[in-house]
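What you are looking at is a predicted structure, and each value in this text was computed from that prediction instead of being measured. Values reported hereafter were calculated over all heavy atoms of this structure, with side chains retained and with hydrogens, waters and symmetry mates removed. By convention in this document, chain letters (A, B, ...) are assigned in the order of the sequence lines, proteins followed by strands, and residues within each chain are numbered from 1.
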Amino acid sequence: MVERLDHLLGREAGELSLGTFHALCAGILRRDGAAVGLHPRYSIYDDSDQISLMKRSLQELGLDPKTYNPRALLGAMSAAKSQLLTAEDYVERSRSYFEEIVGRVYQRYELLLAQNQAVDFDDLLMKTHQLFQSHPQILARYQSRYDHILVDEFQDTNLTQYALARQLSARHSNLFVVGDPDQSIYSWRQADIRNILDFERDYPEAQVVHLEQNYRSTQTILQAAHGVVSVNEDRKETQLWTENEKGLPVIMVEADSESDEARFVVREVDNLLAQGDVRPNDCAVMYRTNAQSRALEEAFMRHGTPYQVIGGVRFYERREIKDLIAYLRLVYNPYDDISLLRIVNVPPRGIGQRTLDDFRQWAGRLGIPLYAGLQRLTEDGFSNPFGAHAGAALGRFASLIRDLSAQSAQVDVARLLDSVIKASGYQEYVMESPDGEERWQNILELRGIAAGYQNLDPQQGLTVFLECVSLFSDTDELDEKTDRATLITLHQAKGLEFPVVFMVGMEEGLLPHFKCFDHSEQMEEERRLCYVGMTRAKKRLYLLRAMRRTLMGGVTANPPSRFLSDIPGKLTSHASLYREEAMLASPVATTLVEFEVGDQVEHPKFGRGVVVGCRPTRDDCELEVSFPDFGRKKLLSSLARLGRLRED
DNA sequence: GCCTCTGGATTTTTT
DNA sequence: ATCCAGAGGC
């Protein structure tokens with residue numbers, strides 16, 4: 001985004017602050033969070049840290065994590081935070097037994113967060129809002145800093161984000177939001193469409209501009225996508241139009257299995273590349289679930305076609321990476337018990353469950369963070385209450401972290417990381433494990449990323465590095481410089497565009513996902529998701545499905561997605577792998593051209609003619625063409641080299 | 001304390 | 001199919 005703006009605005013782009021709500025808030029809290037009791041070196045807890053903390057909350061309350069699913073509780077709590085409900089608010093309005101439990105857990109969870117000097121993703125937003133509310137003079141500073149505020153993808157903001165935008169723009173009243181209700185695909189993350197509806201109420205003087213001209217896609221693609229999304233009932237009818245050409249038909253492909261599906265994609269990409277006007281970068285393959293990337297990746301790899309997978313098993317969620325980050329986080333924020341517990345015995349250093357339980361209880365009685373407890377153990381003249389063996393192991397760990405902390409003020413992040421690896425013996429530990437080599441490569445990659453922070457002073461470097469790691473977004477890794485195809489989920493693809501798009505898994509159960517079958521609102525969201533995917537395509541759109549596919553160990557046969565039948569037939573062509581042998585190595589879309597009755601066509605031998613009949617078959621189209629000099633001829637669209645004459 | 005085995009859950013999407 | 005937590009053996 002920064003690059004795009006640089007390109008558009010030139011030098012002035014440097015004056016802009018640009019970021020996700022979360023990143024912006026993280027910076028604000030880093031500077032001014034002390035006003036709401038936040039330590040400037042607070043940690044940001046991600047998904048798995050949240051799970052740990054939630055489990056600990058349950059444990060402390062004597063609740064069984066099997067009865068009370070930590071994920072479900074986190075979900076309920078997150079929903080509350082997205083609407084600015086504090087734990088106390090929540091408790092006050094809880095109506096059911098479940099809500100009562102959530103309320104109790106929420107309170108305990110908040111307490112633990114505070115003890116750890118940590119915040120979760122939702123807190124970044126909510127605490128910033130609280131900060132602004134309780135400290136108008138701080139808010140005023142940010143208000144005067146930003147003359148204008150623009151929120152993009154406004155349909156995907158939650159109530160807290162909207163409230164933040166309101167606060168920040170209150171002084172200048174220059175708030176500009178851009179959004180498309182048809183592309184609202186994050187309601188499960190508490191995105192609230194009310195934000196769009198309420199906007200005009202909250203800003204009665206707002207000017208509304210409807211952007212109905214599309215500059216990206218061909219007419220055919222737009223019409224096909226409209227066919228899908230216009231079925232939604234909870235929707236205001238709008239139809240995009242474009243001055244672009246009609247373009248190629250949408251290609252529907254029916255494959256045998258997911259590997260066939262993947263093979264088709266790879267071959268077609270190669271065909272397009274061979275033809276010359278398409279580069280690997282122009283091609284994207286989109287799917288509903290990350291698990292689907294596997295078969296595709298395999299096909300791309302085997303075929304030797306360059307590709308990149310966005311998201312999937314996320315880099316920063318790999319175990320070896322999280323472990324090393326936990327060392328850095330603990331060094332950075334000694335209150336961070338979650339990070340300490342993660343690595344206290346990784347690699348194994350003789351601190352087992354028993355020792356740890358004793359130690360935690362002991363520190364708990366003293367009311368001090370675990371790290372402070374460790375330091376106390378090593379103080380001179382302190383008689384260690386743990387056994388000789390366990391006590392010594394704890395002591396060694398304590399001095400390990402202390403040495404690293406001392407270094408953290410002196411050396412840059414990359415060197416600090418080297419020290420962590422060396423002092424903990426992490427390299428040996430990783431190399432012993434299965435996939436050791438691969439995991440070590442990941443660590444080297446992390447080392448490379450850390451090296452990018454060398455020009456900052458040590459403290460600053462560590463701060464910025466940890467923040468980037470926590471707030472890293474998958475689409476950040478989208479690499480436009482190396483020329484390769486992109487494999488990406490439909491959700492992540494929002495906001496992007498590609499000349500060639502393959503949507504795979506167009507089946508009932510995948511898109512729409514079977515989890516959405518029972519709820520009409522969720523079903524409408526699936527439809528929008530399909531719409532988002534289709535409208536990413538500029539020139540060529542392929543919709544693929546597999547007759548059989550392996551899901552969670554078992555083989556299933558999914559019927560075609562209901563969305564496929566909402567695309568007007570005259571916009572589509574069918575292709576399948578069965579025809580593959582007969583097909584020359586040329587892209588499907590150049591051999592299949594869309595014809596309608598009445599089209600003027602030209603044949604290399606018969607000359608000009610008019611299409612009088614058109615019968616689509618499963619993977620082709622039988623045409624009947626009337627030629628003035630040769631009479632009526634039956635032709636196969638894929639074989640007869642017919643050209644359509646321009647309509648005037 | 002640490003390693004291995006087994007049974008059970010678990011996959012929708014993400015800042 | 002794969003990952004994780006808990007149990008049991010060394």
Q: Could you give the CZ-to-C1' distance, from A:R549 to C:dA1, as a whole number of Å?
A: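 My rounded result for the distance is 15 Å.
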
Q: Can you tell me, in whole Å, how much space there is between the P of C:dC4 and that of B:dT13?
A: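 Result for the P pair: 16 Å, nearest Å.
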
Q: Taking only side-chain nitrogens and oxygens of A:T355, does any of them come within less than 4.0 Å of OP1 or OP2 of B:dG1?
A: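 Checking B:dG1 against A:T355, a side-chain N or O does come within under 4.0 Å of OP1 or OP2.
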
Q: Round to a whole Å and report the spacing from CG of A:D357 to C1' of C:dG6.
A: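 Distance, rounded to whole Å: 14 Å.
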
Q: Please determine whether a side-chain nitrogen or oxygen atom of A:R294 lies at a distance below 4.0 Å from atom OP1 or OP2 of C:dT2.
A: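 For C:dT2, OP1 or OP2 has a side-chain N or O of A:R294 closer than 4.0 Å.
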
Q: Using whole Å, what does the distance between atom P of nucleotide C:dA1 and atom CD of A:E297 come to?
A: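 Value for this atom pair: 18 Å.
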
Q: Nearest whole angstrom, please: distance from the C1' of C:dA7 to the CD of A:Q353.
A: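 Result: 14 Å.
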
Q: Would you compute the distance between atom OH of A:Y109 and atom NZ of A:K81 and round it to the nearest 0.5 angstrom?
A: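 Answer rounded to 0.5 Å: 5.0 Å.
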
Q: Want to settle it: does A:P348 or A:E526 sit nearer the 5' end of DNA chain B, counting the closest nucleotide to each?
A: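 This one resolves to A:P348.
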
Q: So, do A:Y186 and B:dT13 meet the stacking rule of ring centres under 5.5 Å and planes under 30°?
A: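 Check failed, A:Y186 does not stack on base of B:dT13.
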
Q: Within the sub-3.5 Å range, which N or O atoms of nucleotides 8-10 of chain B have a protein N or O partner, and how far apart are they?
A:
none

Q: Please check: side-chain N/O of A:S257 versus main-chain N/O of A:R548, any donor-acceptor pairing under 3.5 Å?
A: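 Judged by distance alone, no pair lies under 3.5 Å.
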
Q: Return the CZ to CG distance between A:R318 and A:L446, rounded to the nearest 0.5 Å.
A: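 Rounded to the nearest 0.5 Å, the CZ-CG separation comes out at 11.5 Å.
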
Q: Measure from CD on A:E521 to C1' on B:dT13 and round the result to the nearest Å.
A: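 My rounded result for the distance is 17 Å.
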
Q: In this structure, how many angstroms lie between the P atom of B:dT13 and the CD atom of A:E524, rounded?
A: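 Checked: the CD to P distance equals 22 Å.
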
Q: Are A:L58 and A:D64 close enough, and set up right, to give a side-chain contact (heavy atoms from CB on, under 4.5 Å), and what steps lead you there?
A: CA-CA 7 Å; A:L58 288 170; A:D64 179 10; over 6 Å; no

Q: Look at the side chain of A:R354 and decide which nucleotide, out of B:dT15, B:dG1, B:dT13, has an atom nearest to it.
A: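 Closest of the options to the side chain of A:R354: B:dG1.
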
Q: Mind pulling the stems DNA chain C is in, i.e. runs of at least three Watson-Crick or G-U pairs, everything under 3.5 Å?
A: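 DNA chain C stems, ordered by first number: B:1-10 with C:1-10.
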
Q: Using whole Å, report how far CG of A:N290 lies from P of B:dT11.
A: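 In whole Å, B:dT11 P lies 13 Å from A:N290 CG.
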
Q: Identify which nucleotide among B:dT11, B:dC2, B:dT14 has an atom closest to any side-chain atom of A:W188, counting heavy atoms from C-beta outward.
A: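 Nearest to the side chain of A:W188 among the choices is B:dT14.
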
Q: Which pairs pass side chain to side chain donor-acceptor pair (under 3.5 Å) with one or both residues in residues 339-352 of chain A, sequence neighbours excluded?
A: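 The answer is A:D323-A:R342, A:Y327-A:R349, A:R329-A:S339, A:D336-A:S339.
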
Q: Is the charged tip of A:R536 near the ring of A:F498: under 6.0 Å from the six-membered ring centre and within 45° of its axis?
A: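 Judged by the rule (NZ or CZ under 6.0 Å from the ring centre, within 45° of its axis), A:R536 is not positioned above A:F498.
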
Q: Take atom CG of A:N158 and atom C1' of B:dT14, then tell me their distance rounded to the nearest Å.
A: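 So the CG-C1' distance, A:N158 to B:dT14, works out to 13 Å.
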
Q: Using 4.0 Å as the upper bound for N to carboxylate O, is an ion pair formed by A:E524 and A:R235?
A: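 A salt bridge is absent here (no side-chain N lies under 4.0 Å from a carboxylate O).
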
Q: Between B:dT15 and A:S470, is there an OP1 or OP2 to side-chain N/O distance shorter than 4.0 Å?
A: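 A:S470 to B:dT15 OP1/OP2: no side-chain N or O under 4.0 Å.
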
Q: For B:dT14 and A:Q492 - does any side-chain N or O of the residue sit under 4.0 Å from the phosphate oxygens OP1/OP2?
A: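 Looking at the OP1 and OP2 atoms of B:dT14, one of them is under 4.0 Å from a side-chain N or O of A:Q492.
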
Q: Just checking A:N345: base, sugar-phosphate only, or nothing, at a heavy-atom cut-off of under 4.0 Å?
A: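 Sugar-phosphate, backbone atoms only, no base.
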
Q: Assess whether a salt bridge exists between A:D122 and A:R189, defined as any Lys/Arg side-chain N lying under 4.0 Å from an Asp/Glu carboxylate O.
A: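 No, A:D122 and A:R189 are not salt-bridged.
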
Q: Of the nucleotides B:dT15, B:dT13, B:dG1, which has the atom closest to the A:H491 side chain?
A: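 It is B:dT13.
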
Q: Return the nearest nucleotide to the side chain of A:K55; candidates are C:dA5, B:dT13, B:dT15.
A: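 Selected nucleotide (nearest to the side chain): C:dA5.
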
Q: Taking 4.0 angstrom as the limit, do A:E525 and A:R528 come out as a salt bridge?
A: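 Yes, charged N to carboxylate O under 4.0 Å.
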
Q: Hey, does the side chain of A:E320 reach the backbone of A:W440 with a donor-acceptor pair shorter than 3.5 angstrom?
A: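 Not at all, since once roles are kept as given, no pair shorter than 3.5 Å links the two residues.
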
